[in-house]
**Student:** 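Input: one structure, supplied below.
Predicted model only: the values in this text are computed from it and were never measured. Proteins come first, then strands; the chains are lettered A, B, ... in the order of their sequence lines, and each starts at number 1.
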Number of protein chains: 2
Amino acid sequence: MDATIDLSTAAQALSLPHIRHQLIRLEDTVLFHLIERAQFPLNATIYHPGAIPIPGSHLSFSDWVLHSTEQLQSQIRRYQSPDEYPFFPDAMQELILPELVYPQVLWQNDVNYNSELKTRYVASVLPGCCAQTGRAERAEAQENYGSAATADVLCLQSLSRRIHFGKFVAESKFRQDTARYVALIQAEDRAGIDEAITDAKVEAKVLERLRVKAEMYGADPGLGEADAPRKIDGEAVVAMYRDHVIPLTKVVEVEYLMQRLRGTEWE
Amino acid sequence: MDATIDLSTAAQALSLPHIRHQLIRLEDTVLFHLIERAQFPLNATIYHPGAIPIPGSHLSFSDWVLHSTEQLQSQIRRYQSPDEYPFFPDAMQELILPELVYPQVLWQNDVNYNSELKTRYVASVLPGCCAQTGRAERAEAQENYGSAATADVLCLQSLSRRIHFGKFVAESKFRQDTARYVALIQAEDRAGIDEAITDAKVEAKVLERLRVKAEMYGADPGLGEADAPRKIDGEAVVAMYRDHVIPLTKVVEVEYLMQRLRGTEWE
């Protein structure tokens, strides 16, 4: 099995073991990028629009870097892929490569929780991950405003991919138990859908696994210094998944299902 | 100590323990990015100019993505930093942020081995890292041309930073043993300089540490599948450092020193 999702057929894209494998692998991607971001101070200034004047733009510095990156990556088909969603739909540019045809796997929908994700990332995830264990609050450093914003793009993109994978999970569950979900959707019973998609045991296992991974990837095996700082705070990583990643994935699942009976269109 | 290099004073930037800490930390960055790249097949097509026609450009697809990324990142001061060097000097754009003033740490020089690094990366590093243990050669997939090229940018940038750190190492050694290096430089004795900067024991330790790190970061602790594929081939990582990263770092050191007596200019 490849480490990247196989969208060549609906059956493969919606296979729950395949999706599960993807979600586990994506944990590593998220962790790697967060560990890199945590090298730098929070640098709160880069998130305030106007705090760093940018010619011709009213965006915050961090948003400008994200917007510019999306402009570039939209040209090379990033947002053609059914598992990628932009933070700035207005940044989309013409393709420089021929368009790809993906099989219809997801029902047509406009679910995009990137704005909410970004808000939580800046307000909660970053302060947790950048305040490393045993270190005092680190001073801002304009020397790494660019590095921090560039690392943010990678963190946000991997988190976005993670939460929007909820659509594949939801479609898969819908197909397995269609009658039950149709009834819940028709009753607009979001709490009921949330209950139906929730597996508390799986969620606990995800958090447990993340703690182990943060320990492994955040350690420095060869530094040989007794006081070698850990690269990331495992508690902050677990909190990020518990309080934001898992809940937002479920919101994506619920809202996707709420659109599942509308129209007759496949995406 | 911060995980990012402190260039605020020459003494700090040239402290050998500080540089050593940086180089060790950079191993993690290199590994994280390579592990991400290794999710995708080699996709050799993206490295051949003309194989994927790009409007208005004769670059290979991979080079176009790298060039475009450098255009973007040059605007946010990436190449103002004394430890960052572009692969495409012609991609440099006007800054959108005020220029930063870094202290003079390195002697003026034009040493840039990115072209050689990129050649080796494509010809040797990638084929080693993308042919994962126990897997057959994976077929190209145009669905991830963009993902592969985007991951390449991160790999190349981290490797470039690693090898050009040799300049700080060389400057530090030059200051510690000036008379010896002046004599070797004046005699244009590159082999003698190479010998003077080489510490075989340290090199062996680097390789040993990399093997441990590739094992740790390449494992998947929570997959719970007996046949869980490793994310990267440890041997390929060790070979990359042994055959390319360490030798190129030393070439950077030697060529930097060969320019160390020219003129009177600090960079």
**Student:** When the aromatic ring centroids of A:Phe32 and A:Tyr217 are compared, is their separation below 6.0 Å?
**Tutor:** yes
**Student:** Measure A:Pro53 against the heavy atoms of chain B and call it side chain, backbone, both or neither at under 4.5 Å.
**Tutor:**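 Just its backbone gets close to chain B.
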**Student:** Can you tell which part of B:Thr150 gets under 4.5 Å to a heavy atom of chain A, answering side chain, backbone, both or neither?
**Tutor:** side chain
**Student:** Quick one: what part of A:Ala219 sits under 4.5 Å from any heavy atom of chain B, side chain, backbone, both or neither?
**Tutor:** both
**Student:** What part of A:Glu84 gets closer than 4.5 Å to chain B, counting heavy atoms only: side chain, backbone, both or neither?
**Tutor:** neither
**Student:** Can you say whether A:Gln73 sits under 4.5 Å from chain B via the side chain, the backbone, both, or neither, judging by heavy atoms?
**Tutor:** side chain
**Student:** Hydrogens and angles aside, do A:Tyr47 and A:Asp63 bring a side-chain donor and acceptor to less than 3.5 Å of each other?
**Tutor:** no
**Student:** Do you know which of A:Ile52, A:Leu31, A:Ile35, A:Leu210 has the most heavy-atom pairs under 4.5 Å to chain B?
**Tutor:**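 Heavy-atom pairs under 4.5 Å are most numerous for A:Ile35.
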**Student:** Mind checking whether A:Phe165 and A:Phe168 have parallel, tilted or perpendicular rings, split at 30° and 60°?
**Tutor:**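 Aromatic pair A:Phe165/A:Phe168 classed tilted.
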**Student:** How about B:Ser158 and B:Arg162: does a side-chain donor come under 3.5 Å of a side-chain acceptor?
**Tutor:** no
**Student:** For B:Asp90 and B:His67, test the side chains for any donor-to-acceptor distance below 3.5 angstrom and give the result as yes or no.
**Tutor:** yes
**Student:** Return the option, out of A:Gln75, A:Gln80, A:Met216, with the maximum number of heavy-atom pairs under 4.5 Å with chain B.
**Tutor:**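 That would be A:Met216.
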**Student:** Need one label for B:Ile96: side chain, backbone, both or neither, based on atoms under 4.5 Å from any heavy atom in chain A.
**Tutor:**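 For B:Ile96, heavy atoms of backbone and side chain both lie under 4.5 Å from chain A.
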**Student:** Taking the side chain as everything from C-beta on, heavy atoms only, tell me whether B:Asp152 gets closer than 4.5 Å to B:Ile46.
**Tutor:** yes
**Student:** With a 4.5 angstrom heavy-atom cut-off, which part of A:Ser81 approaches chain B: side chain, backbone, both or neither?
**Tutor:**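 For A:Ser81, there is no contact with chain B at all, as no heavy atom is under 4.5 Å.
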**Student:** Would you kindly say whether A:Glu143 and B:Tyr102 are connected by a side-chain donor-acceptor distance under 3.5 Å?
**Tutor:** no
